[in-house]
Each structure stands twice: as C-alpha cells, then as structure tokens.
Amino acid sequence: MSDEIDVELEQKVADYYKSIGINQGPGDIQYRLILKVLENNSDRITEFADIRKYTDQFADRGSIGSKIKTIFQLEGLVKKVKRGGYKVTDKGLMAASFLKSTTTFYKKVKRMSDIIERMP
C-alpha cells in the first residue's frame with residue numbers, strides 16, 4: 001500500500017455523516033474503507049485480502065464481498081479481474097475523490113465547532 005489509511009479518522013467521518021442522516025456512501029465505514037484501499041492500489045490489482053485488512057474490524061466475513069458485488073461492481077466502481085482481485089475504474093476514482101471532499105468538509109466543520117465551543 002502506498003498510503004496507510006487512518007481508520008479512526010474514517011470512522012469519525014462516517015459517524016458524522018450518519019449523525020446528519022447520510023448512511024450510505026460517506027456515512028458507511030465499509031464503503032469508505034473499501035474505496036480508500038482501491039484508490040491506494042489504483043496502479044495495480046487490489047486483492048480481497050488488502051481490503052479485509054481494514055474492514056474486518058467493522059464487518060462480518062461475507063458482508064464485504066457482498067458489498068463489492070452489489071455496490072462496487074454493479075455501479076461500475078470496480079471491475080473484477082481475477083478471483084479475489086479487483087481494479088478500480090475511473091468512476092471509482094471519482095467516488096474516491098468525492099470521499100476526500102467529504103473528509104475535508106468534516107474537518108472544517110469539526111474545526112469550526114471547536115472554535116465556537118471555545119468562544120465565551
């Protein structure tokens with residue numbers, strides 16, 4: 001992996017979006033982590049084990065494979081290139097870019113709420 005994924009930050013961002021009613025995409029920790037791993041491996045095939053390294057603490061064994069099949073493959077975010085091997089598509093990279101934007105927004109909101117809490 002070229003970049004380590006900050007799982008704790010991703011969980012905080014997902015929790016924030018869930019708190020405002022967004023449960024899919026930005027509010028789904030599994031989605032966020034799968035997409036981050038795929039993006040980090042955009043120059044090569046992503047093995048299922050690479051994904052499970054990050055998602056096992058948040059998901060049952062079968063739910064990640066199911067999510068890849070029912071969301072990522074059907075929506076064209078990844079293409080399966082071999083058994084247990086996936087390649088992120090341009091559409092998947094756009095979704096990853098969107099997640100970066102949601103993280104940036106979360107950080108700005110968090111910073112502003114911290115400033116407001118310190119005001120007299």
Side-chain angles (χ1 to χ4, degrees):
M1 310 229 56
S2 59
D3 298 322
E4 279 299 310
I5 298 170
D6 186 347
V7 176
E8 191 174 305
L9 173 64
E10 295 303 325
Q11 180 65 58
K12 288 178 183 177
V13 175
D15 289 343
Y16 168 75
Y17 283 97
K18 277 186 179 179
S19 76
I20 59 173
I22 302 171
N23 296 312
Q24 298 300 317
D28 182 353
I29 186 62
Q30 295 174 17
Y31 179 88
R32 294 185 73 84
L33 292 175
I34 292 169
L35 205 48
K36 290 277 187 183
V37 173
L38 289 165
E39 178 188 29
N40 283 352
N41 294 328
S42 63
D43 58 339
R44 65 182 183 89
I45 295 173
T46 302
E47 299 292 333
F48 193 66
D50 296 334
I51 296 169
R52 298 256 338 255
K53 174 183 168 186
Y54 292 99
T55 59
D56 275 357
Q57 60 186 317
F58 299 103
D60 296 329
R61 185 169 175 88
S63 66
I64 296 302
S66 176
K67 187 163 286 215
I68 289 173
K69 289 176 190 165
T70 60
I71 295 174
F72 286 84
Q73 283 183 279
L74 286 178
E75 294 297 324
L77 303 177
V78 298
K79 61 182 177 180
K80 186 174 184 172
V81 293
K82 66 176 191 165
R83 186 170 193 264
Y86 303 93
K87 187 81 174 133
V88 68
T89 63
D90 288 341
K91 189 175 180 181
L93 291 174
M94 286 190 299
S97 177
F98 172 71
L99 284 187
K100 283 181 186 175
S101 297
T102 64
T103 302
T104 301
F105 178 77
Y106 164 77
K107 288 177 179 178
K108 287 179 183 177
V109 167
K110 179 83 172 116
R111 189 171 38 240
M112 288 303 293
S113 65
D114 289 347
I115 290 170
I116 290 171
E117 281 183 24
R118 286 183 273 159
M119 289 179 132

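Atom set for the values below is all heavy atoms of this structure, side chains included, hydrogens, waters and symmetry mates excluded. Everything numeric here is computed off the predicted structure, so don't read it as measured data. Count residues from 1 along the sequence.
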Taking side chain to side chain donor-acceptor pair (under 3.5 Å) as the definition, give me every residue that meets it alongside [X], ordered by chain and number, with sequence neighbours left out.
X	answer
D56	R52
K80	none
T102	R32
Q11	D15

Hphob cluster co-occupancy, V7 + V13, side-chain heavy atoms under 4.5 angstrom: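 No, it is not one cluster - the side chains of V7 and V13 are not joined through contacts under 4.5 Å.
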Same cluster (ILVMFWY, side-chain, under 4.5 Å), I5 and I45: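 Different hydrophobic clusters.
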Enumerate, atom names and distances included, each donor-acceptor pair closer than 3.5 Å involving a side-chain atom of residues 71-79, sequence neighbours excluded.
none

Polar contact flag, side-chain donor to acceptor under 3.5 angstrom, Y54-E4: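 Yes, E4 and Y54 have a side-chain donor paired with an acceptor closer than 3.5 Å.
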side-chain contact (heavy atoms from CB on, under 4.5 Å) involving [X] - partner list, sequence neighbours excluded:
X	answer
D6	E8, L9
S63	Q30, A59, D60
K100	K36, E39
S66	T70

Could you measure the distance from the [atom1] atom of [X] to the [atom2] atom of [Y]? Nearest 0.5 Å is fine.
X	Y	atom1	atom2	result
I34	D50	CD1	CG	12.5 Å
K18	Q24	NZ	CD	9.0 Å
T55	L33	OG1	CG	7.0 Å

Check residues 105-116 and write down every donor-acceptor pair under 3.5 Å in which the side-chain atom is one partner and the other belongs to a residue at least two apart or another chain.
from: S113; atom 1: OG; to: V109; atom 2: O; distance (Å): 3.3
from: S113; atom 1: OG; to: K110; atom 2: O; distance (Å): 2.9

Test salt bridge (Lys or Arg N to Asp or Glu O under 4.0 Å) applied to D90 - qualifying residues, sequence neighbours left out: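 Here no residue qualifies.
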Residues forming a salt bridge (Lys or Arg N to Asp or Glu O under 4.0 Å) with K67, sequence neighbours excluded: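 Expected list: D28.
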Atom of [X], atom of [Y] and distance for their closest heavy-atom approach:
X	Y	answer
Y86	G84	CE1-C, 4.1 Å
P26	F98	CG-CE2, 3.6 Å
Y31	A95	OH-CB, 3.8 Å

Working for side chain to side chain contact (heavy atoms under 4.5 Å, CB included), residues T46 and V88: CA-CA 8 Å; T46 302; V88 68; over 6 Å; no
Within 6.0 angstrom of K87 NZ, more than 12 heavy atoms from elsewhere: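 Yes.
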